[in-house]
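Positions are given from 1 along the sequence.
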Amino acid sequence: MPENMPMKDFVATGRAMQKRMKRHRRAVDKPGPLVGSFTYLKENVGDFYLTISVGSPPQHLIFTLDTGSELTWTQCKPCKVCGASGGPVFSFNKSSSYVPVPCKSPICSQSLGFSGGCGNSTGKCIFQLQYGDGSVDAGYLSVDTFHLSRNMSESFVFGCAVITIETVPIPISGIMGLNAGPYSFTSQLFSRNANLPRRFAYCLPDRFLNLNAEGTMLFGEYKIPTRMTQYTPLVPPYGPLGDLYYFVDLEGISVGKKFIKGPVMNTGLELGGTIFDSGTAVTHLMRPLYLQLLAEVRRQTTHLHPFAVNGTASDLCYTVPLQASQLPKMPVVTMHFRGGAELELGAESLLYAYGYDNNSIVLCLAFLSTQTSLSINIIGNYQQQNYWVEYDLESSSIGLSKAKCPVRS
């Protein structure tokens, strides 16, 4: 890659991210805020990561932030089938507070958001996770201490993976599950701290202007340091008796002044709906809505000479000169949610770098058509950039507030 290319890092990021685009993974006094620092790394192909310490003595691990997953897990050693990611690995036999969950534990017989059961030969409770890209992680359900701040440590149930089969190795330890399941990181945190407000928020730096900049994640008692936040309610099938994903009502999408009506609200994964998922890179839309968005963006950008990259999912792309230092001017795309909350997307949240040749850089629209058997819209982290996104579980709502990330509370 040319050293004098102004967009060099942005291009490297986009090319790496393509590999991950198809992966979905689904105290009496009030304590102060729990603040996590996280970053996006260009070699980490599409996700944001939080560093946290686990065990006694503490071992520093790197977790993907994933509001679409329940079980928090890390690669462990010694391992049976070791991952090739190169990220920090948890040495469970070096932690004095580590305890594997036994088969007799009620967890082993519960219906959870992940596959579990009893390893008869070991007497330990096991788990298995399989992702849409073919990756598999399996091992033992375990308990150990997570060090959340200087003054707060808690014991959490998590997965200690001793079998890791990766299709796209990335330098992380594992995944931090943040959905509404009973064994997600957030559910366990709030159940162990009754006086901690049941909410969390993050602000994702964009890949174009703030690549590798640190962002902030907040849990519990905090104040979002920005202007008024707009909220949209969480809707069925989200809820105690429903699904574990964070469902909202997407009313429509505007491209400039042109409004495209959203899908009719349905109440099941098989029938539709919209979720926020920090563990998915770009937004996936149900095909009818996707095709309308594609056509309107193409119509309003004819001056940029749009084209499709044959044989790929990149249906709308543009070229800019190799020495370009700015993204092309795009129409503002706004996602409208029930209650008035909006995601207003500029070029940095609409375009990713597909590749380059000797003369130009290819930029493509960072939206895809849903291809899985689950006909739902998935709001990915690319479209959540430069916003505070708050999951207020006490009021069953998601808050959106435009911001310049990274920020400090």
Side-chain angles (χ1 to χ4, degrees), residues 27 29-40 47-52 63-68 148-152 176 178-180 184-187 189-190 193-207 209-210 213-235 238 245-250 274-279 283 334-346 348-349 379-409:
D29 295 328
K30 285 187 177 181
L34 301 177
V35 180
S37 175
F38 64 89
T39 189
Y40 176 88
D47 294 329
F48 289 85
Y49 303 88
L50 180 72
T51 300
I52 198 167
F63 294 95
T64 299
L65 302 177
D66 192 356
T67 58
L148 309 177
S149 69
R150 292 181 179 179
N151 302 316
M152 188 175 185
M176 177 175 285
L178 299 170
N179 76 7
S184 72
F185 179 85
T186 41
S187 293
L189 173 65
F190 298 138
N193 297 272
N195 292 311
L196 193 68
R198 297 176 56 249
R199 59 185 186 141
F200 63 97
Y202 50 71
C203 194
L204 306 181
D206 71 81
R207 278 83 153 174
L209 294 175
N210 292 295
E214 287 191 348
T216 301
M217 186 165 190
L218 305 173
F219 298 89
E221 187 69 35
Y222 57 78
K223 181 178 180 181
I224 292 179
T226 187
R227 59 187 180 182
M228 185 177 65
T229 302
Q230 298 174 312
Y231 288 90
T232 186
L234 292 168
V235 298
Y238 169 82
Y245 294 111
Y246 297 110
F247 277 87
V248 296
D249 188 358
L250 176 63
T274 300
I275 67 170
F276 271 74
D277 184 5
S278 65
T283 291
T334 305
M335 308 184 80
H336 305 273
F337 302 96
R338 186 198 298 183
E342 297 178 343
L343 284 174
E344 187 178 274
L345 311 176
E348 73 283 351
S349 294
I379 311 299
N381 62 54
Y382 213 87
Q383 281 65 48
Q384 298 178 45
Q385 297 177 137
N386 287 331
Y387 269 84
W388 273 106
V389 181
E390 180 182 41
Y391 298 75
D392 190 332
L393 307 184
E394 297 196 349
S395 65
S396 293
S397 61
I398 287 181
L400 302 174
S401 183
K402 198 168 183 63
K404 287 295 184 182
C405 308
V407 296
R408 289 292 179 266
S409 59

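- Closest approach of Ala201 and Ile224 over heavy atoms only: CB-CD1, 4.3 Å.
- Closest non-hydrogen pair, Leu400 versus Ala341, comes out as CD1-CB, 4.0 Å.
- Checking side-chain atoms of Arg199 against main-chain N and O of Gly220 turns up a donor-acceptor pair under 3.5 Å.
- The two residues Glu394 and Pro197 have their closest heavy-atom pair at OE2-CA, 3.3 Å.
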Could you go step by step and tell me if Leu189 and Leu148 meet the side-chain contact (heavy atoms from CB on, under 4.5 Å) rule? CA-CA 10 Å; Leu189 173 65; Leu148 309 177; 3.5 Å; yes
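- Remark: Leu345 CG to Asn386 CG distance equals 10.5 Å, nearest 0.5 Å.
- No donor-acceptor pair closer than 3.5 Å links the side chain of Ser397 to the backbone N or O of Thr232.
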side-chain contact (heavy atoms from CB on, under 4.5 Å) between Val248 and Leu250, intermediate numbers included: CA-CA 6 Å; Val248 296; Leu250 176 63; 5.6 Å; no
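- Looking at heavy atoms from C-beta onward, Tyr202 lies in side-chain contact with Val389 at the 4.5 angstrom threshold.
- A donor-acceptor pair under 3.5 Å links the side-chain atoms of Gln383 to the main chain of Thr283, judged by distance alone.
- Taking CE of Met335 as the reference point, atom CD1 of Ile379 lies at 3.5 Å (rounded to 0.5 Å).
- The CD1 atom of Ile398 sits 9.0 Å away from atom CG of Leu393, with the distance rounded to the nearest 0.5 Å.
- Between Pro205 and Phe48, the closest side-chain pair of non-hydrogen atoms falls below 4.5 Å.
- Phe185 has its side chain within reach of Ile52: a pair of non-hydrogen atoms, C-beta onward, lies under 4.5 Å apart.
- The side chain to side chain donor-acceptor pair (under 3.5 Å) test applied to Gln385 returns Arg207, Ser349, not counting sequence neighbours.
- Tyr387 places a side-chain N or O within donor-acceptor distance of the main-chain N or O of Glu344, the cut-off being under 3.5 Å.
- Partners of Thr186 under the side-chain contact (heavy atoms from CB on, under 4.5 Å) rule, at least two apart in sequence or in another chain, are Leu178, Ser184, Phe190, Phe200, Phe219, Tyr246.
- In summary, of the residues considered (Tyr245, Phe247, Phe337), a ring-ring contact (aromatic ring centres under 6.0 Å, His included) with Phe276 occurs for Phe337 alone.
- Here the shortest heavy-atom pairing between Arg338 and Pro233 reads O-CD, 3.6 Å.
- Scanning for salt bridge (Lys or Arg N to Asp or Glu O under 4.0 Å) contacts around Glu342 gives an empty result, with sequence neighbours left out.
- Separating the CD atom in Gln230 from the NZ atom in Lys402 is a distance of 11.0 Å, to the nearest 0.5 Å.
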As a quick check of understanding, evaluate side-chain contact (heavy atoms from CB on, under 4.5 Å) for Tyr391 and Leu234, giving each step before the final call. CA-CA 9 Å; Tyr391 298 75; Leu234 292 168; 5.8 Å; no
Please walk me through it: do Asp249 and Thr274 pass side-chain contact (heavy atoms from CB on, under 4.5 Å)? CA-CA 6 Å; Asp249 188 358; Thr274 300; over 6 Å; no
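- Distance CG/Leu50 to CG/Leu65: 5.5 Å, rounded to 0.5 Å.
- Between the side chains of Glu390 and Tyr231, at least one donor N or O sits under 3.5 Å from an acceptor N or O.
- Residues Thr67 and Asn179 are not in side-chain contact: their nearest non-hydrogen atoms beyond the backbone lie 4.5 Å or more apart.
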